[in-house]
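Heads up, the thing below is written out as structure tokens.
Chain identifiers are assigned alphabetically (A, B, ...) following the order of the sequence lines, protein sequences preceding nucleic acid strands; residue numbering begins at 1 within each chain.
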Amino acid sequence: MSGKIAIEKKIIAAAKLAVNQAIKQNTLPSVIIPEIEIEVPKDEKFGDFSLNIAMQLAKPMQKKPRDIAEIIANEITGFEPLIEKADIAGPGFINITLDPIWLYEELTRINELGNEYGKLTLEKPKSINVEYVSGNPTGPLHIGNARGGAIGDVLANIYQCAGWNVTKEFYLNDAGNQVIKFGESLSARYMQLFDPSYPFPDDGYKGVDISRLAEAYRDENGDSLKDAQKNEREKTLMDYALTINISNMRKDLEKYGIIYDVWFSESTLHNSDAIKDIVKLLSDNGATYEKDGALWFRATDYDCEKDEVLLRTNGIPTYYTADIAYHYNKLVIRGFDLAVNVWGADHHGHVHRLKMALKAAGINPDRLKVVLMQMVCLMRDGEPVRLSKRNGEIVTLRDLIDDVSVDAARFIFNYNNATTHMNFDMDLAVKESNENPVFYVQYAHARIRSILRNITAPQKDYDLSVLTDKTEVSLMKKLADFSKEITLAARDFDPSRMTKYAYDLATHFHSFYNACRVKNDDENLMGARLSLVRASGIVLKNTLNVLGVSAPEQM
RNA sequence: GCGCCAGUAGCUCAGUAGGAUAGAGCAACGGCCUUCUAAGCCGUGUGUCAGGGGUUCGAAUCCCUUCUGGCGCGCCA
């Protein structure tokens, strides 16, 4: 444990002791003490940390908050040597100013730990499965998958950094209606190569990629399927095309910086007893009934609007059933402590249903966390680009990373909260100009590396207490925030915290760079500043690693 | 109709478990390189936090309600 979290814990402990001491000495009345909160004030003139405990105690103690604050402030310095002073301000805040020595110690720690700095270690690491993108293999990955990929991959990295055992997983929807439709579409396009009037199914996939796959099969294998049974033709073309599509998805995702630990096929659930087992479990728990020849889940018993079909009249399980079996596999059979899914917001209706089915299966629904992300609106020439999957007009992940650097795409997709509708400006992203925040951050890193290349100083212990400039102090404070940012990003399932932190850190570094010259006649000052530059490089690079964005040596 | 997400500066968005005077970037204007990367820094101003109630020492943040936008409510996935 290092950084700001450790310091905050120390201050909270001291505050607790101070309150108890005052109660013991009868200077404050004896009441139940709420959990003590600590925060960093926005304005630096209010000190390093701020406590609001006096305001919270005002009511139960029936005293003025400022009076309580004064008593606590007088006691607290005696319980924690790092506290330089404790002031009272405003309605009753206790503002804590620390001895800056903690910042110098933190700087030393960063430089000692390097790549390992900020990584948390848990006594009992929990296991987490992060599932993201998870597209249908019936077509190429699109721009929405690109956002989900960036969010999920970074989220997984954050948990890794926070000390969890992480599995990155892709759920391949290679079963069900859409795959059958895929086969029918391929078959029709294949037949049209020989007879242009051959009918195409109304609800078929109209994308050009389908025609290309049919052509590719003909070019490789000739016209032998022309006279085959329809079923056989569909099956053969489907298997052929799925293999190609899945391999392309894998390649595109790797290019995008995403490497999965597990590719999980939905078809394995159908081909094993997994679905049968989950249906039996739900039935044994009394959560199902038969109606109209289908098997239903009593979702209305679990706070849902309506019941849901598990097995259709024709005996084929629905997507929902497969998904329940899949999550049973994750949480029970493979035993992950937590399953996190990144889904498009258009699937939000499915979240509660799935959780309730898990509950009916005897699993705590809180062990499933779904991160919903809003749709991406693609902008070109200042106008929204209308996309229609039905007509085959989509912008693919491959198109995107052919135009935009992977670094820019991953950073921009994580720059906003997942909950915000996002405008992705193609022109801006292609421009790769300084309007793009990722270049600002990478430039800071390149600058750091450049300084370290140009200036060398003998290895020795410098007196870091000469780092007193306003920009130096706030940069050191920002560096110490790293592990707290990881903790909060993990707590809130919010990867956008890390891009914001990276941007903020870059700003603090640039300000320092402009205010303080590293190269210096004062040997100690130069050495101390080099330590700060080196530490900034380490933390910035560690942050970029979590984001899966490169940290360039020069630009 | 019911449900989920959102509404903050001209635009794109932050706002840290309710905290002190609501902030960045872009756009506009002015300053800073004979010295470590000017893809940078510093300064100048902008708000009915969608509207209305409530909760309390304190609300952009929590609750209720109205309005606006996006999405969902299939024996599709």
Going by the rule ring pair (Phe, Tyr, Trp, His ring centres under 6.0 Å), which residues pair with A:Tyr513 if we only count those two or more places apart in sequence or in a different chain? none
Sequence neighbours excluded, which residues qualify as ring pair (Phe, Tyr, Trp, His ring centres under 6.0 Å) partners of A:Phe509? A:Phe512
Got a sec, which pairs hit ring pair (Phe, Tyr, Trp, His ring centres under 6.0 Å) with one end in residues 297-316 of chain A, sequence neighbours left out? A:Phe297-A:Tyr302
Evaluate the side-chain proximity of A:Arg353 to A:Glu308: yes if any heavy-atom separation is below 4.5 Å, no if none is. yes
Protein-proximity profile, nucleotides 8-13 of chain B, B/S/- by nucleotide at the 4.0 Å heavy-atom cutoff, equals ----SS
Reading nucleotides 30-38 of chain B from 5' to 3' and marking B where a protein heavy atom lies under 4.0 Å of the base, S where only the sugar-phosphate is that close, and - otherwise, the string is -----BBBS
Looking only at atom [atom1], what distance separates [N] and [M], rounded to whole Å?
N	M	atom1	value
B:rA20	B:rG3	P	34 Å
B:rA14	B:rA24	P	16 Å
B:rU61	B:rU56	P	16 Å
B:rU16	B:rA59	P	15 Å
B:rA9	B:rC13	P	12 Å
B:rA17	B:rA77	P	40 Å
B:rC41	B:rA50	C1'	37 Å
B:rG43	B:rG23	P	14 Å

Whole angstroms only, please: what is the [atom1]-[atom2] distance between [X] and [N]?
X	N	atom1	atom2	result
A:Lys470	B:rC41	NZ	P	15 Å
A:Tyr503	B:rG25	OH	P	6 Å
A:Leu505	B:rG25	CG	P	16 Å
A:Ile94	B:rC57	CD1	P	18 Å
A:His508	B:rA24	NE2	P	11 Å
A:Leu354	B:rG72	CG	C1'	16 Å
A:Asp494	B:rA14	CG	C1'	11 Å
A:Leu372	B:rC4	CG	P	12 Å

Students often get this wrong, so: under 4.0 angstrom with heavy atoms, is [X] touching a base, only sugar-phosphate, or nothing?
X	result
A:Lys45	base
A:Asp481	nothing
A:Ala89	base

Can you find an N or O donor on one side and an acceptor on the other, under 3.5 Å apart, linking the side chain of A:His348 with the base of B:rC5?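 Counting by modelled atom types and ignoring angles, no donor-acceptor contact under 3.5 Å is found here.
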How would you list, by chain and number, every residue that makes a side chain to side chain donor-acceptor pair (under 3.5 Å) with [X], sequence neighbours excluded?
X	result
A:Tyr328	none
A:Thr543	none
A:Glu184	none

Name all pairs fulfilling the side chain to side chain donor-acceptor pair (under 3.5 Å) condition that reach into residues 517-530 of chain A, sequence neighbours left out, sorted by first residue then second. A:Lys460-A:Glu523, A:Glu472-A:Arg529
Both distances under 3.5 Å, Watson-Crick or G-U wobble: report the partner of [N], or none.
N	value
B:rG40	B:rC32
B:rA20	none
B:rU46	none
B:rG3	B:rC71

Since syn is defined as within 90° of 0, does B:rC33 count as syn or as anti?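 Syn for B:rC33; the angle stays within 90° of 0.
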side-chain contact (heavy atoms from CB on, under 4.5 Å) involving A:Pro29 - partner list, sequence neighbours excluded: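 Result, side-chain contact (heavy atoms from CB on, under 4.5 Å) vs A:Pro29: A:Met61, A:Lys63.
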Starting at NZ of A:Lys359, measure out to CG of A:Asp303 and round the result to the nearest 0.5 Å.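 Rounded to the nearest 0.5 Å, the NZ-CG separation comes to 8.0 Å.
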Kindly compute the distance separating NZ (A:Lys181) from CD (A:Glu234), expressed to the nearest 0.5 Å.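 A:Lys181 atom NZ to A:Glu234 atom CD measures 13.5 Å (nearest 0.5 Å).
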Need to verify one output field. Residue with the more 5' nearest nucleotide on RNA chain B, A:Asp43 or A:Ser496?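 Checking each residue's closest nucleotide, the 5'-ward one belongs to A:Ser496.
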Dump the pairs, protein N or O against N or O of nucleotides 75-77 of chain B, anything under 3.5 Å, distances to one decimal.
unit_1 : atom_1 : unit_2   : atom_2 : d
B:rC75 : O3'    : A:Arg312 : NE     : 3.2
B:rC75 : O2     : A:Thr313 : N      : 2.9
B:rC75 : O2     : A:Thr313 : OG1    : 3.2
B:rC75 : N3     : A:Thr313 : OG1    : 2.5
B:rC75 : N4     : A:Asp292 : O      : 3.3
B:rC76 : OP2    : A:Asn177 : ND2    : 3.4
B:rC76 : OP2    : A:Arg312 : NE     : 3.1
B:rC76 : OP2    : A:Arg312 : NH2    : 3.4
B:rC76 : O3'    : A:Asn177 : ND2    : 3.3
B:rC76 : O3'    : A:Arg312 : NH2    : 3.4
B:rA77 : OP1    : A:Arg312 : NH2    : 2.8
B:rA77 : OP2    : A:Arg312 : NH2    : 2.8
B:rA77 : OP2    : A:Tyr319 : N      : 3.2
B:rA77 : O3'    : A:Gln178 : OE1    : 3.2
B:rA77 : O3'    : A:Gln178 : NE2    : 3.3

Going by 5.5 Å between centroids and 30° between planes, is there a stack of A:Tyr440 over B:rA39? no
Quick one: sort the A:Tyr320 and A:His350 rings into parallel, tilted or perpendicular, breaks at 30° and 60°.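 Correct class here is perpendicular.
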Geometric class of the A:Tyr319/A:Tyr171 ring pair [parallel <30°, tilted 30-60°, perpendicular >60°]: tilted
Taking N or O atoms only and anything under 3.5 Å, show me the protein contacts with nucleotides 16-19 of chain B, one pair per line.
unit_1 : atom_1 : unit_2   : atom_2 : d
B:rA17 : OP1    : A:Arg491 : NH1    : 2.6
B:rA17 : OP1    : A:Arg491 : NH2    : 2.4
B:rA17 : N7     : A:Arg491 : NH1    : 3.1
B:rG19 : N7     : A:Asn52  : ND2    : 3.1

Between the side chains of [Y] and [X], is the shortest nitrogen-to-carboxylate-oxygen separation below 4.0 Å, so that they form an ion pair?
X	Y	answer
A:Glu106	A:Lys4	no
A:Arg298	A:Asp307	no
A:Lys470	A:Glu44	no

